> 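Right, I'll just put the structure down here and ask away after.
Everything numeric here is computed off the predicted structure, so don't read it as measured data.
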Amino acid sequence: MWVALFSCAFISQGLLAWSAGLAYVSYDTFLLCFVAWKSLALLRVSQDSSHAPEKLPSLGVIVAAHNEGAVLPITLRALLTQSRVPDLIVIADDGSSDTTSDVLVSQFQLPQPALGELSALSPLYPNLRWLRLPHGGKAVALNAAIALMDSEVVLTIDADTLLDTQATLAMQTAFAREAELVAAGGILTPISSKTLSGRFFQWFQTYEYIRNFVSRFAWMRVDSLLLISGAFAAFRRDALLKVGGFDAECLVEDYELIHRLRRYSVEHDLNWQVHIIGAARAVTDAPSTLMAFLRQRRRWFAGFLQTQHMNRDMTGNRKYGWLGTLMMPVKAIDTLQPVYGLTAFVLLVIFLINGRATVVLPVLFIIAVKIVIDLAFHFWSIYLYQRWTNDRSSNNLWHAFLASIAEPFSFQLMRHTGAAMGWFHFLTGRRHWGKQQRSGLLSEPTQL
């Protein structure tokens with residue numbers, strides 16, 4: 001279809017010459033309308049927490065860390081000062097070669113354990129332990145920690161993620177209220193460095209995250225949520241063990257895991273649920289430079305393609321309900337959405353250079369209409385997000401307006417470029433995705 005629509009640029013006149021762009025705009029608008037419709041339920045979401053269950057499930061937290069010595073103290077202190085402190089916190093040290101060991105010994109007085117073993121409890125913090133492992137990747141570290149824990153619920157957070165003081169309580173409450181809940185994601189707010197480029201990327205990513213989490217709520221409403229961020233996610237431990245834990249071969253182990261949980265639930269008629277918890281909030285370090293951003297999005301999209309390919313038998317399969325008949329086909333289309341987006345932009349530039357007014361003028365009209373639709377959805381998402389999370393930090397409507405206008409010609413193109421790089425990464429079978437630099441959390445450690 002892409003070849004056919006692209007060919008229209010050379011054989012058609014008027015608006016049809018931009019057929020690839022029309023397909024891209026139409027599909028994106030359909031998704032916006034669907035999310036806007038299904039997210040109406042957020043108008044009725046209550047933030048009343050006065051009726052929290054008396055008995056909460058035990059909670060163990062795993063902090064996956066590889067060379068995160070600079071940010072680890074910030075993350076751990078946020079965990080240790082929760083309104084309801086977790087029963088156990090395990091630092092899954094994935095073969096760190098930086099200052100991680102020094103930090104854990106000097107600041108938290110944890111005795112250094114042998115490789116593959118848990119340390120004794122910290123004399124300062126009796127729920128804190130250290131698991132030293134040879135470097136094998138995040139999924140391997142998480143699985144090793146899960147095997148050594150016995151809590152009912154396991155919370156995984158990245159070492160560059162800072163939890164709100166009520167975050168763990170909100171997660172425990174959600175699992176206490178719903179016996180069939182097996183996986184839940186928190187709400188993340190991105191934080192970048194205070195440099196000019198950092199402010200640029202934080203500005204756009206903040207609104208991107210807001211829209212994404214509202215979108216996840218919408219898909220949750222049709223029991224088709226497939227993505228919860230592993231940077232802040234909770235699972236029933238027995239469900240994790242039943243499906244074999246995290247997949248060390250996948251670039252996005254959190255995304256792939258939800259597919260296996262969903263598959264296992266259907267095959268064993270269990271009605272397992274996956275939710276987003278609006279009251280569980282955190283900030284997480286986000287890319288502050290173009291190269292860091294492209295590396296992140298390259299990995300995310302390559303992992304998405306990898307997971308989509310691994311679960312292609314679910315696409316269109318009525319056995320999996322709305323997940324199989326709606327969500328998986330949408331995700332199949334999403335694999336080429338960035339290709340269509342970049343094609344639409346390149347064709348428009350070519351038409352402008354060649355002075356094809358009969359094409360450019362109607363295309364610009366379509367783009368203007370789309371910007372208005374995006375702007376409406378943008379404000380709608382912010383309004384719902386604030387009602388849902390009680391987070392008013394992104395209430396500057398003027399900034400939101402500017403971001404919505406500028407995004408299609410800047411940030412969106414960068415996002416599509418990262419995804420296109422992900423296609424190359426996937427097709428060439430690469431597994432290394434580069435080192436990410438942490439700068440946002442260190443620049444503002446008291447964000448929450």
> Going from CD on Glu249 to CE on Met310, what distance comes out if it is rounded to the nearest 0.5 angstrom?
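Output value for this atom pair is 9.0 Å.
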> So, for Ala64 and Lys138, which heavy atoms are closest and what is the spacing to 0.1 Å?
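Closest approach of Ala64 to Lys138, heavy atoms only: CB-CG, 4.0 Å.
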> Ala65 and Ala159: which non-hydrogen atoms are nearest, and at how many Å?
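Closest pair (atom of Ala65, atom of Ala159, distance): CB-CB, 4.0 Å.
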> Less than 4.5 Å apart, side chain to side chain, heavy atoms only: is that true for Lys242 and His268?
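Contact flag for Lys242/His268 side chains = no.
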> Do Ser39 side-chain atoms and Ala218 backbone N/O form a donor-acceptor pair below 3.5 Å?
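Checked: no pair found.
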> To the nearest 0.5 Å, what is the distance between CD on Gln308 and CE on Met314?
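If I round to the nearest 0.5 Å, the distance is 9.0 Å.
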> Nearest 0.5 Å, please: how far is OG1 in Thr315 from CG in Leu326?
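These two atoms lie 11.5 Å from each other.
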> Counting N and O atoms only, with roles assigned by atom type, does the side chain of Trp423 sit under 3.5 Å from a partner on the main chain of Leu305, one being a donor and the other an acceptor?
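No.
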> Donor-acceptor check, side chain of Ser151 to backbone of Leu59, threshold 3.5 angstrom: yes or no?
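No, Ser151 side chain to Leu59 backbone: no donor-acceptor pair under 3.5 Å.
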> State, yes or no, whether a side-chain contact exists between Asp247 and Glu253 at a heavy-atom distance under 4.5 Å.
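No. Closest side-chain heavy atoms not under 4.5 Å.
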> Could you grab the distance from atom CZ of Phe377 to atom OG of Ser215, nearest 0.5 Å is fine?
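Taking CZ in Phe377 and OG in Ser215, the distance rounds to 6.5 Å.
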> Which atom pair, heavy atoms only, marks the closest approach of Ala302 to Leu251?
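Smallest heavy-atom distance, with atoms named: CB-CD1, 3.7 Å.
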> Determine, step by step, whether Val90 and Leu148 satisfy the side chain to side chain contact (heavy atoms under 4.5 Å, CB included) criterion, reporting the C-alpha distance in whole Å, the side-chain angles of both residues, the deciding distance to 0.1 Å, and the verdict.
CA-CA 10 Å; Val90 174; Leu148 296 172; over 6 Å; no
> Will you find, in the side chains of Arg216 and Ser229, an N or O donor that is under 3.5 Å from an N or O acceptor?
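Result is yes, a qualifying pair exists.
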> Using side-chain heavy atoms (C-beta onward) and a distance below 4.5 Å, is Arg77 in contact with Tyr125?
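Touching, per the 4.5 Å side-chain cut-off.
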> Sub-3.5 Å donor-acceptor pair from the side chain of Ser119 to the main-chain atoms of Pro113, do we have one?
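Answer holds: no.
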> Looking at Phe379, I want to see if its CZ is surrounded by more than 12 non-hydrogen atoms of other residues, nucleotides or ligands under 6.0 Å.
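Atom CZ in Phe379 is crowded, with more than 12 foreign heavy atoms closer than 6.0 Å.
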> Could you tell me if the side chain of Thr99 sits less than 4.5 Å from the side chain of Leu72, heavy atoms only?
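In short, these two side chains do not touch, never coming nearer than 4.5 Å.
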> Could you check whether any side-chain heavy atom of Phe217 comes within less than 4.5 Å of a side-chain heavy atom of Tyr385, counting everything from C-beta outward?
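No, their side chains stay 4.5 Å or more apart.
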> Please verify the inter-ring angle class for Phe34 with Trp219; under 30° counts as parallel, over 60° as perpendicular, anything in between as tilted.
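Tilted: the ring planes of Phe34 and Trp219 meet at 30° to 60°.
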> Quick one: do Met1 and Tyr340 satisfy side chain to side chain contact (heavy atoms under 4.5 Å, CB included)? Show the steps, please.
CA-CA 10 Å; Met1 188 174 76; Tyr340 276 82; 3.3 Å; yes
> Under 4.0 Å between a Lys/Arg side-chain N and an Asp/Glu carboxylate O for Lys55 and Glu152?
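Salt bridge between Lys55 and Glu152, a charged N being under 4.0 Å from a carboxylate O: no.
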> Could you tell me whether a side-chain N or O of Arg237 sits under 3.5 Å from a main-chain N or O of Met149, the two making a donor and an acceptor?
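Yes.
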> Do Val105 and Trp130 have side chains that approach each other closer than 4.5 Å (heavy atoms only, starting at C-beta)?
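Val105 vs Trp130: side chains touch.
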> Taking Asp94's backbone N and O only, do any of them form a donor-acceptor pair with His66's side chain (distance below 3.5 Å, no angle check)?
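The answer is yes, because a donor-acceptor pair under 3.5 Å joins these two groups.
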> Assess the residue pair Asp334 and Tyr27 against the criterion (side-chain hydrogen bond (donor to acceptor under 3.5 Å, both in side chains)); give the C-alpha distance rounded to whole Å, side-chain angles, the decisive distance to 0.1 Å, and a yes or no.
CA-CA 10 Å; Asp334 281 349; Tyr27 174 69; 2.6 Å; yes
> To check you understand the geometry: which heavy-atom pair defines the closest contact between Tyr320 and Glu267, and what is its length?
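For Tyr320 versus Glu267, the nearest heavy atoms are OH-OE2, 3.9 Å.
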> Without swapping roles, check the side chain of Arg260 against the backbone of Gly245 for a donor-acceptor pair under 3.5 Å.
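Looks like yes, one N/O pair under 3.5 Å.
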> Applying side chain to side chain contact (heavy atoms under 4.5 Å, CB included) to Ile228 and Ile276, what does each step give before you reach the verdict?
CA-CA 7 Å; Ile228 61 174; Ile276 290 291; 4.0 Å; yes
> Would you give the length of the straight line joining atom NE2 of His135 to atom OG of Ser97, rounded to the nearest 0.5 angstrom?
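Separation between the atoms: 9.0 Å.
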> Does Ser265 reach the main-chain N or O of Asn271 with its side chain, forming a donor-acceptor pair under 3.5 Å?
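Yes; at least one donor-acceptor contact below 3.5 Å.
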> Is there a side-chain contact between Phe235 and Ile258 in this structure, where contact means two heavy atoms from C-beta onward sitting under 4.5 Å apart?
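Side-chain contact under 4.5 Å: yes.
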> Without swapping roles, check the side chain of Arg281 against the backbone of Ile187 for a donor-acceptor pair under 3.5 Å.
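Such a contact is absent between Arg281 side chain and Ile187 backbone.
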> Can you name the closest pair of heavy atoms from Gly303 and Cys250 and give their distance?
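The pair with the smallest heavy-atom distance is O-SG, 4.4 Å.
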> Any side-chain donor paired with an acceptor under 3.5 Å for Glu256 and Thr307?
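Note: Glu256 and Thr307 side chains miss the donor-acceptor criterion.
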> Kindly compute the distance separating CG (Leu76) from CG (Leu128), expressed to the nearest 0.5 Å.
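Atom-to-atom, Leu76:CG and Leu128:CG are 6.0 Å apart.
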> For the CZ atom on Phe345, are there more than 12 heavy atoms of other groups (residues, nucleotides or ligands in this structure) within a distance under 6.0 Å?
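Not buried by this count: 12 neighbours or fewer within 6.0 Å.
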> Is atom CG of Leu196 surrounded by more than 12 heavy atoms (other residues, nucleotides or ligands) closer than 6.0 Å?
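Counting neighbours around CG of Leu196, 12 or fewer heavy atoms of other residues, nucleotides or ligands fall under 6.0 Å, so no.
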> Please state whether the rings of His399 and Trp203 are parallel, tilted or perpendicular, taking 30° and 60° as the class boundaries.
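Ring orientation, 0 to 90° scale: perpendicular.
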> Contact between Ile191 and Gln202 at the side-chain level, heavy atoms closer than 4.5 Å - yes or no?
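Answer yes - side chains close enough.
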> Going by the angle between their ring planes, with limits at 30° and 60°, are Phe304 and Tyr255 parallel, tilted or perpendicular?
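The rings of Phe304 and Tyr255 sit tilted, inter-plane angle from 30° to 60°.
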> With Phe204, which of Phe200, Phe201, Tyr207 fulfils ring-ring contact (aromatic ring centres under 6.0 Å, His included)?
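That would be Phe200.
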> Decide, yes or no, whether a salt bridge links Lys319 with Asp313 under the criterion of side-chain N to carboxylate O below 4.0 Å.
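Salt bridge flag = no for Asp313 with Lys319.
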> Just by modelled atom types, is the Ala23 backbone N or O under 3.5 Å from a matching donor or acceptor in the Ser26 side chain?
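Looks like no, no N/O pair under 3.5 Å.
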> Show the nearest heavy-atom pair for residues Ala282 and Phe232, with the distance to one decimal.
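Looking at all heavy atoms of both residues, the closest pair is CB-CD2, 3.8 Å.
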> Starting from the C-alpha separation in whole Å, work towards a yes-or-no answer on side chain to side chain contact (heavy atoms under 4.5 Å, CB included) for Arg211 and His378.
CA-CA 7 Å; Arg211 295 193 303 269; His378 199 66; 3.0 Å; yes
